[in-house]
Colleague: 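This is the structure, below, for whatever I ask next.
Sequential numbering from 1 along the given sequence is applied to the chain's residues.
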Amino acid sequence: QVQVVESGGGLVQPGGSLRLSCAVSGVTPDYYAIGWFRQAPGKEREGVSCISSSDGSTYYADSVKGRFTISRDNVKNTVYLQMNSLKPEDTAVYYCAIGELLNLWFRKVGDYWGQGTQVTVSA
């Protein structure tokens, strides 16, 4: 019943930009934080960014601060991740997840996960 669907991934050159979308349905957005995670081959899952439903606070991994921006459209129940100045090390499968804020961001534990969207940064 709960659906989390990512889109917007693709192939981009270094220095380019992409905007990922996470469309959520079947769950009350007010009760959850929504975050983006990524996993590259041979690496552990990494929290990228998260936005809180309670106060709108945003959180970012140090590796993406100043380059990525998370935002939320409450009308469309969609969370976006604007990625600028992309680097080859940003290459990964990006996942959207829903959960309680503390569990989601600090424990990397989500209640609902999307299937992921591939982001490849290469010349």
Colleague: For residues L18 and M83, determine if any side-chain heavy atom of one lies less than 4.5 Å from a side-chain heavy atom of the other.
Modeller: yes

Colleague: Between D90 and K87, does any NZ, NE, NH1 or NH2 come within less than 4.0 Å of an OD or OE carboxylate oxygen?
Modeller: no

Colleague: So if you build clusters from Ile, Leu, Val, Met, Phe, Trp, Tyr with side-chain heavy-atom gaps below 4.5 Å, do Y60 and V79 land together?
Modeller: yes

Colleague: Mind checking whether T78 and V24 have side chains closer than 4.5 Å, heavy atoms only?
Modeller: no

Colleague: Using distance alone, with no hydrogens and no angle criterion, decide if R38 and Y94 have a side-chain donor and acceptor under 3.5 Å apart.
Modeller: yes

Colleague: Once you measure the plane-to-plane angle for W113 and F37, does it fall in the parallel (<30°), tilted (30-60°) or perpendicular (>60°) bin?
Modeller: tilted

Colleague: Honestly curious: do L81 and I34 fall in one hydrophobic cluster under the side-chain, below-4.5 Å linking rule?
Modeller: yes

Colleague: Does some side-chain heavy atom of T58 sit less than 4.5 Å from a side-chain heavy atom of C50?
Modeller: no

Colleague: Can you check whether I98 reaches V4 side chain to side chain, under 4.5 Å on heavy atoms?
Modeller: yes

Colleague: In terms of heavy-atom contacts, does CD of Q3 have more than 12 from other residues, nucleotides or ligands at under 6.0 Å?
Modeller: no

Colleague: Supply the atom-to-atom distance E100 CD to R107 CZ, rounded to the nearest 0.5 angstrom.
Modeller: 10.0 Å

Colleague: A quick test of your reading: do over 12 heavy atoms of other residues, nucleotides or ligands sit less than 6.0 Å from CZ of R45?
Modeller: yes

Colleague: Kindly compute the distance separating SG (C96) from CD (Q115), expressed to the nearest 0.5 Å.
Modeller: 12.0 Å

Colleague: Parallel under 30°, tilted from 30 to 60°, perpendicular over 60°: which one fits the rings of Y59 and W105?
Modeller: tilted

Colleague: Do S17 and N84 have side-chain atoms, one donor and one acceptor, less than 3.5 Å apart?
Modeller: yes

Colleague: Just by modelled atom types, is the K43 backbone N or O under 3.5 Å from a matching donor or acceptor in the Q39 side chain?
Modeller: yes

Colleague: Does V48 share a hydrophobic cluster with V121, counting links as ILVMFWY side-chain heavy atoms below 4.5 Å and allowing steps through other members?
Modeller: yes

Colleague: First locate atom CD of Q118, then atom OG1 of T91, and finally report the distance between them rounded to the nearest 0.5 Å.
Modeller: 7.5 Å

Colleague: Taking L11's backbone N and O only, do any of them form a donor-acceptor pair with T120's side chain (distance below 3.5 Å, no angle check)?
Modeller: no

Colleague: Nearest 0.5 Å, please: how far is SG in C22 from CZ in R72?
Modeller: 9.5 Å

Colleague: Within a strict 4.5 Å, meaning less than it, do heavy atoms of the T69 and Y80 side chains meet?
Modeller: no

Colleague: Measure the CD1-OG distance between I51 and S71 for me, rounded to the nearest 0.5 Å.
Modeller: 6.5 Å

Colleague: With distance as the sole test, does R19 use its side chain to make a donor-acceptor pair with the main-chain N or O of Q82 at under 3.5 Å?
Modeller: no

Colleague: In the structure I gave you, are the side-chain heavy atoms of I70 and W36 within less than 4.5 Å of one another anywhere?
Modeller: yes

Colleague: How long is the straight-line distance from NZ of K76 back to CG of N74, given to the nearest 0.5 Å?
Modeller: 12.5 Å

Colleague: So, do P88 and P14 sit near enough that their side-chain heavy atoms are less than 4.5 Å apart?
Modeller: yes

Colleague: Check whether any side-chain heavy atom of F68 lies under 4.5 Å from a side-chain heavy atom of L20, and answer yes or no.
Modeller: no

Colleague: Does either side chain, that of S63 or that of E89, offer a donor lying less than 3.5 Å from an acceptor on the other one?
Modeller: no

